[in-house]
Structures are given as structure tokens and as C-alpha cells.
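Notes for the one structure printed next.
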Protein chains: 2
Amino acid sequence: METPHTLDTGEKPRTYSIRQLSKEFDVTARALRFYEDKGLISPERKGQTRIYSARDRARLQLILRGKRLGFSLVEIHEILDLYTPKDRGAQQIRATLAKYRVQIENLKRQREDLEGAIHDMQNGCAWMEDELKKLENK
Amino acid sequence: METPHTLDTGEKPRTYSIRQLSKEFDVTARALRFYEDKGLISPERKGQTRIYSARDRARLQLILRGKRLGFSLVEIHEILDLYTPKDRGAQQIRATLAKYRVQIENLKRQREDLEGAIHDMQNGCAWMEDELKKLENK
DNA sequence: AGGTAAGTTTACGTTAACGTCAATGTAAAC
DNA sequence: GTTTACATTGACGTTAACGTAAACTTACCT
């Protein structure tokens, strides 16, 4: 039932409580506060309480994907910085563009690794399936 | 010059010292001993000194690839166990095969993430290149 | 014999990324 | 009005993955 802890009267709730986000993405509230501490997200405050926007949610998704890909929070922070469009001026854009390209190269290298691993294990599967056939035909 | 600290008389050295491996893969000796401590590699001993075989070297490669892909040493240990063929009997093979397939699914999911990230950043690149063109034509 | 270079074990230190209380506040529910 | 549920800020604890320093040993060099 989505527990509308704060009833929204007609308007779609483009905001989220810390619990909503932590439940949706299966992370603890502690983790979310920790990410904030590290400057990865900066939710609004209603008094003391954190109010997460859709943009915060999107950043959280990026954070979690980064984690799944094995990046440290510091690395993720840098990547998020890249995603944050604060640049004006051709010079800045060129600099950011260069960083993007480096990052893309890194990701592609990682993909090579990944595909190598997948390939290896698929070979292993094939071999075992073969072994099983041999054993069955005896 | 490969610094043949221990001269090998004619035979090809299918073994490596701890320094050779650490230099080749740019990891510290401490790390290699640590991996051994955690049961990831088990080099021979000549007295006290560790002697790494080609197989040890191969395992190290797998370890490092696992690290690049963001796996913990415990996870890498499990993966290495999968790679270690100690199974006899169809039942065992079937069990291992199942684990392989699970692992392959995980890797493929990770690849989805990766390609998502690459895609996002390539979009970003395209957008910035576009911006640059606009700025130049002013 | 003395120095240098590589190896060893033991053990304490460090950083990242949270976990786990404790003490407190606030707001809706009974 | 007092539980109940969710929020907050400290502050200390924990685990992983090594780094680093101390105190050797062994082998080769000169």
C-alpha cells in the first residue's frame, strides 16, 4: 500500500522519505546518510528531516550502479561530478569531455574483462556438459 | 634483463619468485602473501621461500581480474573454487555446472550495468560535442 | 668479513564503508 | 496523553584488504 506516511492531496509525490528510498533500493538509512556525508547526495531538509527529490533518487541509482561495478565512493563521487552539468564555456566543456572519454575507455576495458570472464565460464560449462554426456553414455 | 637472480641452467623457469610476480602484475609481495593467507594461492616452498608455479600465476591473474570487476576476496575464492577441477561423478559436475550458470547470469547482469554506464556517458559526449559546435559557430 | 638484495614471520596501523547502539525529537494513532 | 513509528545526530565498533615497521635468515658480491 506504499504507506503514504505523508498524505499527498492529488499531487504526485516527487519527493521521497529516507525510508522510502532505502526500501526501494534495499539500502539502509545509515548508508544514505553516509553517502550524504561524503557529498554524494544533498537532499533538502524540512526542519531536520531529509526530503529526497527525483534527482536525488536518480543520483542514488547511479551510486548503486557504480557500487555494483566495483567503484569506490570516491570514484563514484568523481563520476557524479561529471554527470553534474555546472559547466559554462567551451574550455570547461572540453575538459569534461576529455574526462568522459577517459572514463569510457576504462569502462570498456572493464567490459573486456567481463566478457573474458563470461567466455571462460561458458567454456567451462560446455566442457562439463560434454563430460556429463560421456558419463551418461557409459 | 629479467634479473635471473637464480640462474636456470637451460631449463625454462616454469616458476616465479614473489618479486617477479609482484613486479609483473604490479602488486606488492605483501598482497601475494595475504592472498595465500586467505587460501587463494598456495605456492610451493623451497625451505621458507615461496616458489610460484605457472598455475599459481594463472590463479593470480584470475584474482586480479576479479578485483578489477569489483569482487571481494571471498567471492573470488568461491570463483576460484569453481575453476578448480576436483570433481568426479556426474552429481558433482551437475552441482558445479549449476553454480557456473548462476555466476554467468551475475556476470551478464553486471555487463548490462556496464553497458548502461557506457551508453550514458557516450550520450553525454555526444551532447557536449554538440554544445561545442554550437559555441564555435557563434 | 662485511655489505647488499631478496626472502621470511610477527604484529600493529590504516582506510573505506558502513553497522550498531544511545539519546533525543516529532508527529500521527489509539 | 501516551504509545508507536519514523526521524535526527553523535560516537564507537567492525570487517576487508592490505601497508608498514621490526627483527631476522640466506645467498651472493667484493
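Throughout, a chain's letter reflects where its sequence line sits, starting with A, and its residues are numbered from 1.
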- Message: Given 3.5 Å as the limit, does a donor-acceptor pair link the side chain of A:Glu115 with the main chain of A:Glu112, or not?
- Response: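 Side chain of A:Glu115 to backbone of A:Glu112, a donor-acceptor pair under 3.5 Å: no, none is there.
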- Side-chain (B:Gln110) to main-chain (A:Arg111) donor-acceptor, under 3.5 angstrom: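 It does not hold such a pair.
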Length of the [atom1]-[atom2] vector between [X] and [N], whole Å:
X	N	atom1	atom2	answer
B:Leu32	D:dG19	CG	P	10 Å
A:Gln48	D:dC6	CD	P	19 Å
B:Ile63	D:dC18	CD1	C1'	14 Å
B:Arg33	D:dA21	CZ	C1'	13 Å
B:Arg45	D:dT26	CZ	P	14 Å
B:Leu64	D:dC18	CG	C1'	14 Å

- Sequence neighbours excluded, every pair satisfying salt bridge (Lys or Arg N to Asp or Glu O under 4.0 Å) that has a member inside residues 68-84 of chain B: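 For residues 68-84 of chain B: A:Asp113-B:Arg68.
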- Task: Can you tell me which residue pairs pass the salt bridge (Lys or Arg N to Asp or Glu O under 4.0 Å) test with a partner in residues 92-104 of chain A, sequence neighbours excluded?
- Result: A:Arg94-B:Glu136, A:Arg101-B:Glu129
- Query: Between residues 49-57 of chain A and DNA chain D, which residues have a heavy-atom gap below 4.0 Å?
  - Reply: A:Thr49, A:Arg50
- Task: Can you sort out the partners of A:Tyr83 under side-chain contact (heavy atoms from CB on, under 4.5 Å), two or more places apart, ordered by chain and number?
- Result: A:Leu62, A:Arg65, A:Ile79, A:Tyr100, B:Asp120, B:Met121
- Query: Taking only residues two or more places apart in sequence, or in another chain, which ones meet A:Arg55 in a salt bridge (charged side-chain N to carboxylate O under 4.0 Å, His left out)?
  - Reply: none
- Query: Does the side chain of A:Leu132 reach to within under 4.5 Å of the side chain of A:Met128, using non-hydrogen atoms?
  - Reply: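 No. Closest side-chain heavy atoms not under 4.5 Å.
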- Message: Would A:Glu36 and A:Arg30 count as a salt bridge (charged side-chain N to carboxylate O under 4.0 Å, His left out) here? Give the steps.
- Response: CA-CA 10 Å; A:Glu36 184 176 351; A:Arg30 177 69 176 90; over 6 Å; no
Protein N or O to nucleotides 15-18 of chain C N or O, pairs below 3.5 Å:
| unit_1 | atom_1 | unit_2 | atom_2 | d |
| --- | --- | --- | --- | --- |
| C:dA17 | OP1 | A:Leu73 | N | 2.8 |
| C:dC18 | OP1 | A:Lys67 | NZ | 3.1 |
| C:dC18 | OP2 | A:Tyr35 | OH | 3.0 |
| C:dC18 | OP2 | A:Lys67 | NZ | 2.6 |

